[in-house]
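Below you'll find the structure, written out as structure tokens, and then a few comments.
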Amino acid sequence: MIKKIILVLAICLGAQLAIGQKTRGDRFFEKGDFINAAKHYEVALQKERHKKDLQNLAISYYNTFEYRLASRYLKQLVKGQFGEKDKSYDNEYNFKLYQILSALGDYETALEHLKVYKENNSGSIDIAESIENIETFKLKSPDYTVEKVQFNSDASDFGAVKLQDKVYFTSDRGVDAVFGKTYKWTHQSFLDIFVTVVNEKNDTIGLTKPLPKTVNSKYHEGNFCFSKDGLTMYISRSNITNGKREFNDDKLNNIHIYKSVFENGVWSELEKLPFNINGFSYQHPALSPQGDKLYFSSNMEGGYGSFDLYYVHLDEEEISQPINLGSQINTENREHFPFISEAGHLFFASNGHLGLGMLDNFVSELVNNSFTKPLNLGVPINSQYDDFNLNYYNETEGFFASNRNKRSDNIFQFKETGEIFIREYMNTFEIRDAVTKNEIPNVKVLLTTKKNKTLYSNTLDDSAVFNMNLLADNYQLEAETEGYYKKTLAITVLEKKDQTHVLYLKVIPPPPPVVIDPVEAVIAEKKIDIKLKEKDPTRFALLTDVEGPPVVEKDGKLFFELEPIYFDFNMWDIRADSKKILDALAAKLERYPEINLKISAHTDSRGTVKYNQYLSERRAESTRNYLALEGFINARRLAFKGFGELMPMVPCPMLNCTEEEHQLNRRSEFEITKY
């Protein structure tokens, strides 16, 4: 992702090079040409496996977004698969491996490396809790809709800011590459700021143009922000003095923040802000709504980690020294791209707070003039890859950038559709007779969280009603009283809405004149060996459990015998008639928390084999998601696979089947893989 150009990491630009004769790979690596460096290190490692070459090759692939290759060599590094006797390595590589494996979707292995990284820094994490949080980021109800903007290019585009009918953004789509003037890291042009006129859908009207040379130089101009009147611009830019790049002691050209004013129809020459110090980077400026504070990211001395978020007070006479936002926001890793909403809330990108992969977008609510613990914005704003640079241009709409679809960055527009902050909402609970609909007196109720934490327990009076303020989440309400069947109701508390939940209890009918042991009947019907009760008590219990969907044995394997989960032709949505079936399955899975399921989905034979395979995979995934989201079953217990049209119940040569026969082939099956 191109933003890394302006994230100056000394470890990537030569600090690791061993003392001694430099190889061709070393020379490319020192210059930041990681593409060519990787080619030469690959050749060198085929002859001799030196730790330094292995480290630099892994970093080269990391910086050019070849994550699978980077993970291969980082794994070799941490396992000591090199020639030197000293098998130690920098702890930073554990963190990089955590990032890359997360981007590749292997969260469990990734978190093991994060745990090592944390413990080496005198910290700790709970892997099981972290995985549960990541699942929450992925499965929670989305608060945004997102789509790519029309003015993206094949180059890297990010940092979009809307001002009236224009969108300004950063890109390396320039023409310098034609004349050999490229940035060694990306082999692309240096970054410039562009502007395009857009309509109400943010589609371009006319040409996209670079800003004039008073703003854009032959080096990097990166993230920027405007004052409310649009007449002042603060810009991240290569540190330039008297037209030439200024380098620090490590021969690095840092990023500094500059200011330009729009006067007499033109932008003024850039003026460097006084708090910039050579040797450190200052980038990603963002103004407070009142325009009295300038927020930014910096790796200056005295921070908590690689890059922290800071702000300065802006005054007509002077600008204050940078003030760190503190450990609530900043971590030992990287925090970037701050944005302050009109309400004062802080949005930013970080790889130090737990997320889905590389950089994720977070928000910290402003409460009593302090920022709260950051909240991961979840899917679809975040992905396994780099997601960053989120900002709003009105109350609910804005832009962010991501490299989720390719190696270079794209700009996405979003619309906020939900409540992103955790709020409590009034909920009313009623217990009523399923037939008469009357309230049931003297009923005992229990309200719990999805983790079975008790929130409310009481025996209600004649009114059989109680109220509670609850966060938007999933809960369970249980009720029992004499003469009625005990029942549990799954509760979903929605955002921005007060709700009433009614649990209906059924009267227990008088006992039948003849009592038949249902378990004995099942044993006889299924011809179950009674010795199974001692040999495998859980298998015996599953086969003889008469409550909920029955379990049957086929070819030595156990399956839930459900009414078919049918899908409409060419669709993968769960039909209403199937939801009740899945609800019953979820209830039984709750009683057997050790059960793991494999969900198999099949299509009819209409359509292409490739499309039917895709359709069956979506149907299997849709079934898994319903059980996880609506049935509150841990998604890690549920595997799924699509088989397309390959295993029909009714063969249909030449599609010679009735609609009913095609319907039979559109089905799902549920195999118990663990208990």
Under 4.0 Å between a Lys/Arg side-chain N and an Asp/Glu carboxylate O for [X] and [Y]?
X: Glu553; Y: Arg539; result: yes
X: Glu132; Y: Lys451; result: yes
X: Arg575; Y: Asp577; result: yes

Exercise. If we only count heavy atoms from C-beta on, is the Ile599 to Leu627 side-chain gap below 4.5 Å?
Worked result: yes
Problem set entry | Note, Asp360 side chain near Ile381 side chain (heavy atom, < 4.5 Å) | no
Problem set entry | Glu416: partners by salt bridge (Lys or Arg N to Asp or Glu O under 4.0 Å), with sequence neighbours left out | none
Regarding [X] and [Y], do their side chains bring together a donor and an acceptor under 3.5 Å, going by distance alone?
X: Gln99; Y: Tyr62; result: yes
X: Asn333; Y: Tyr117; result: yes
X: Thr481; Y: Asn442; result: no
X: Tyr592; Y: Asp545; result: yes
X: Asn467; Y: Tyr456; result: no
X: Asp106; Y: Thr109; result: yes
X: Asn120; Y: Asn91; result: yes
X: Asn382; Y: Asn376; result: yes

Problem set entry | Pair Phe670 and Phe559, ring centroids less than 6.0 Å apart | no
For this session: Verify whether the ring centers belonging to His345 and Phe421 lie closer than 6.0 Å.
Result: yes
Using modelled atom types and a 3.5 Å cut-off, is there a donor and acceptor pairing between side-chain atoms of [X] and backbone atoms of [Y]?
X: Asp386; Y: Leu359; result: yes
X: Ser668; Y: Ala601; result: no
X: Lys115; Y: Asp126; result: no
X: Asn427; Y: Asn469; result: no
X: Lys641; Y: Lys598; result: no
X: Glu335; Y: Thr331; result: yes
X: Thr603; Y: Gly644; result: yes
X: Glu66; Y: Tyr61; result: no
X: Lys526; Y: Val551; result: yes
X: Asp536; Y: Leu532; result: no

Looking at [X], I want to see if its [atom1] is surrounded by more than 12 non-hydrogen atoms of other residues, nucleotides or ligands under 6.0 Å.
X: Glu659; atom1: CD; result: yes
X: Arg636; atom1: CZ; result: no
X: Lys444; atom1: NZ; result: no
X: Glu119; atom1: CD; result: yes
X: Lys415; atom1: NZ; result: no
X: Glu561; atom1: CD; result: no

Between side-chain atoms of residues 431-438 and protein atoms elsewhere (two or more places apart, or another chain), which donor-acceptor pairs fall under 3.5 Å?
| unit_1 | atom_1 | unit_2 | atom_2 | d |
| --- | --- | --- | --- | --- |
| Arg432 | NE | Glu430 | OE1 | 2.9 |
| Arg432 | NH1 | Lys437 | O | 2.8 |
| Arg432 | NH2 | Glu430 | OE1 | 3.2 |
| Asp433 | OD1 | Val435 | N | 2.7 |
| Asp433 | OD1 | Thr436 | N | 3.0 |
| Asp433 | OD2 | Tyr484 | OH | 2.7 |
| Thr436 | OG1 | Asn438 | N | 3.2 |
| Thr436 | OG1 | Asn438 | ND2 | 3.4 |
| Lys437 | NZ | Ala434 | O | 2.8 |

Exercise. Hey, does the Lys NZ or Arg CZ of Arg618 hover above the aromatic six-ring of Phe640, less than 6.0 Å from the centre and inside 45° of the axis?
Worked result: no
For this session: Would you mind telling me which of Glu590, Arg637, Lys674 makes a side-chain contact (heavy atoms from CB on, under 4.5 Å) with Ile595?
Result: Arg637
Seminar exercise, completed: Test side-chain contact (heavy atoms from CB on, under 4.5 Å), reference Leu597, set Ile633, Thr623, Leu638, output is Leu638
Exercise. Should the pair Phe400 and Phe414 be assigned to parallel (<30°), tilted (30 to 60°) or perpendicular (>60°) ring geometry?
Worked result: tilted
For this session: Could you walk me through whether Asp529 and Lys531 pass the salt bridge (charged side-chain N to carboxylate O under 4.0 Å, His left out) test, one step at a time?
Result: CA-CA 5 Å; Asp529 187 350; Lys531 295 179 181 179; 5.6 Å; no
For this session: Could you check Glu645, Glu617, His602 and say which one makes a side-chain hydrogen bond (donor to acceptor under 3.5 Å, both in side chains) with Asn612?
Result: Glu645
